[in-house]
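Here's the structure we're looking at; comments come further down.
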Amino acid sequence: MAEKTLRVSKIKDGTVIDHVTSGHALDVVKLLGITGRAGGVVTVAMNVPSKDFGLKDMVKVEGRELSSKEVDKIALLAPHATINIVRDYTVVEKQRVKLPSVLRGILRCANPACVSNSNEPVQPTFYVKGEEPLRLKCHYCGYIMEKLDVLKQF
Ligand code: CTP
Ligand code: ZN
């Protein structure tokens, strides 16, 4: 019988962002600032069957580990993502992303009249009211940000 699975190569050192909500792999690539021009293998897989249920996306980046701010950004778009740190071909750390209940300094409020968009020295702050669908409430003006508002900023 013909081989029906395509094996994507393992990476040597870097990060595998797995179980990304399907449709969001390219958003993850973008928010990490990955262009491919830095060298290093980057693999993007979309709509691949997930062991657990349905379809998923995946992003593998060689030679990169992620900051906690980047992990929070991924959590906004893909709340079920798993971050796997790979060293010498082995997964040495596996972490489910987790949105903190309060987000500070990661996003701007989409309400132009919000005090956090004026010249006042206030740090944009949002309360996570829902993950799927995403709902973030601005501490200053009460505006509810949704996934589209977030995507515009990444
Ligand atoms: N991976 C990789 N390169 C490596 C090691 C792992 O690209 N050197 C990838 C695997 O292909 C997989 C992900 O990293 O997509 C996580 O690897 P692993 O924990 O071995 O897989 P699972 O047990 O299937 O992960 P989970 O239980 O989180 O679904
Ligand atoms: Zn606001």
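The structure presented is a predicted model; accordingly, all values stated were derived computationally and were not measured. Counting convention: from 1, in listed order, for ligands and their atoms alike.
- Summarising the geometry of D13 relative to E62, their closest heavy-atom pair is O-CG, 3.2 Å, with the distance given to 0.1 Å.
- Ranking protein heavy atoms by distance to atom 1 (N) of ligand 1, first place goes to V16 CG2, 3.9 Å.
- Applying the 4.0 Å criterion to heavy atoms of H19 picks out, from ligand 1, the atoms 26 (P), 28 (O), 29 (O).
- Metal site remark for the Zn ion (ligand 2): C141 contributes an N, O or S atom at a distance under 2.8 Å.
- Note: H139 and F126 fail the aromatic proximity criterion, with ring centroids not under 6.0 Å apart.
- Shortest non-hydrogen contact noted between R104 and T125 is CG-OG1, 3.9 Å.
- For atom 12 (C) of ligand 1, the closest non-hydrogen atom of the protein is D18 OD2, 4.1 Å.
- Comparing D52, I11, I83 by heavy-atom distance to atom 4 (C) of ligand 1, the nearest is I11.
- Here the heavy atom of the protein found nearest to atom 7 (O) of ligand 1 is K60 NZ, 2.6 Å.
- For atom 27 (O) of ligand 1, the nearest protein heavy atom (residue, atom name, distance) is K51 NZ, 3.4 Å.
- Remark: K152 does not engage E146 in a salt bridge, criterion side-chain N to carboxylate O under 4.0 Å.
- Annotation: the span from I85 atom CD1 to K94 atom NZ amounts to 11.0 Å, rounded to 0.5 Å.
- The proximity of K12 to ligand 1, defined as any non-hydrogen pair under 4.0 Å, does not occur for either the backbone or the side chain.
- With ligand atoms numbered from 1 in the order given, ligand 1 contributes 15 (O) to contacts under 4.0 Å with heavy atoms of M58.
- Seen from the Zn ion (ligand 2), atom SG of C114 and atom SG of C109 lie 110° apart in angle, a value rounded to 10°.
- A salt bridge is defined here as a Lys NZ or Arg NE, NH1 or NH2 lying under 4.0 Å from an Asp or Glu carboxylate O, and K147 with E132 fails to meet this definition.
- Heavy-atom proximity to K94, at under 4.0 Å, picks out these atoms of ligand 1: 16 (C), 18 (P), 19 (O), 25 (O), 26 (P), 27 (O), 28 (O).
- Counting heavy atoms from C-beta outward, L76 and L136 have side chains that approach closer than 4.5 Å.
- Minimum heavy-atom separation, A25 to V59: O-CG2, 3.8 Å.
- For ligand 1, the atoms closer than 4.0 angstrom to any heavy atom of V91 are 5 (C), 6 (C), 17 (O), 19 (O).
- Counting heavy-atom neighbours within 6.0 Å of R135 CZ, excluding the residue itself, gives a total of 12 or less.
- The Y89 neighbourhood of ligand 1 comprises atoms 4 (C), 5 (C), 8 (N), with distances under 4.0 Å to a heavy atom of that residue.
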